Amino acid sequence: MRNERPCLRKKLQAFLRCEVFDGMFSDEYGVEAIDHDGNSVSGFFVKGIIDKEKQRMAVEIANEESGSYLVWAPGQSCGGKGWINATKIWVPKTMVVFE
C-alpha cells in the first residue's frame with residue numbers, strides 16, 4: 001500500500017486540537033492553537049465546527065509538508081470569523097487528529 005495521508009484513504013474529518021473558550025457573541029467560540037513555530041494563534045469561529053468538550057475544531061487540510069499541515073476552518077470567511085491576521089495556519093501534524 002502506498003504511503004497516503006490518512007484523510008485520503010477514507011474521507012475522514014480532520015480536527016485541530018486547541019483550547020476553546022466562550023466568544024464575544026452567542027454564535028461563536030474563541031480558539032487558541034499552537035502553530036508549527038510554537039507560537040500561540042487565536043481566532044473566533046462558529047460554534048458548529050467546534051467540540052468544546054473535546055477541545056478541538058473541525059478543519060480542512062489545504063497543504064502539508066514534513067511534520068506540518070496547513071489548515072483552515074470551514075465558514076471562517078463569513079461574518080468576521082477566523083484566525084486573527086491569517087486565513088490559514090501551519091500546525092504540527094501532532095495537533096491534528098482524523099476521525
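The structure displayed is predicted, hence computed values, not measured ones.
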Where is the tightest heavy-atom contact between [X] and [Y], given as atom of each residue plus distance?
X     : Y     : value
Ser68 : His36 : OG-CB, 3.5 Å
Ala58 : Pro74 : O-CD, 3.6 Å
Phe44 : Met24 : CE2-N, 4.3 Å

Would a hydrophobic clustering, with Ile, Leu, Val, Met, Phe, Trp and Tyr connected at side-chain separations under 4.5 Å, put [X] with [Y]?
X     : Y     : value
Trp72 : Phe15 : no
Ile34 : Met57 : no
Leu16 : Val97 : no

### Query
Rounded to the nearest 0.5 Å, how far apart are CG of Leu70 and CG of Asp35?
11.5 Å
#### Entry: Spacing of CD belonging to Glu99 relative to NZ belonging to Lys54, to within rounding of 0.5 Å
5.0 Å
Is it the case that the side chain of [X] and the backbone of [Y] share a donor-acceptor pair, with hydrogens and angles ignored and the cut-off at 3.5 Å?
X     : Y     : answer
Asp37 : Asn39 : no
Gln55 : Val20 : yes
Arg17 : Thr94 : yes

### Message
Between Lys52 and Asp22, does the side-chain contact (heavy atoms from CB on, under 4.5 Å) criterion hold? Intermediate values first, please.
### Response
CA-CA 9 Å; Lys52 189 173 183 181; Asp22 290 332; 2.9 Å; yes
#### Entry: From Tyr29, Phe25, Phe21, Trp83, residue fulfilling ring pair (Phe, Tyr, Trp, His ring centres under 6.0 Å) relative to Phe45
Trp83
### Message
When you compare the side chain of Val71 with that of Ile89, does any pair of heavy atoms fall below 4.5 Å?
### Response
yes
### Query
Given side chains that start at C-beta, do those of Glu65 and Trp90 come closer than 4.5 Å, heavy atoms only?
yes
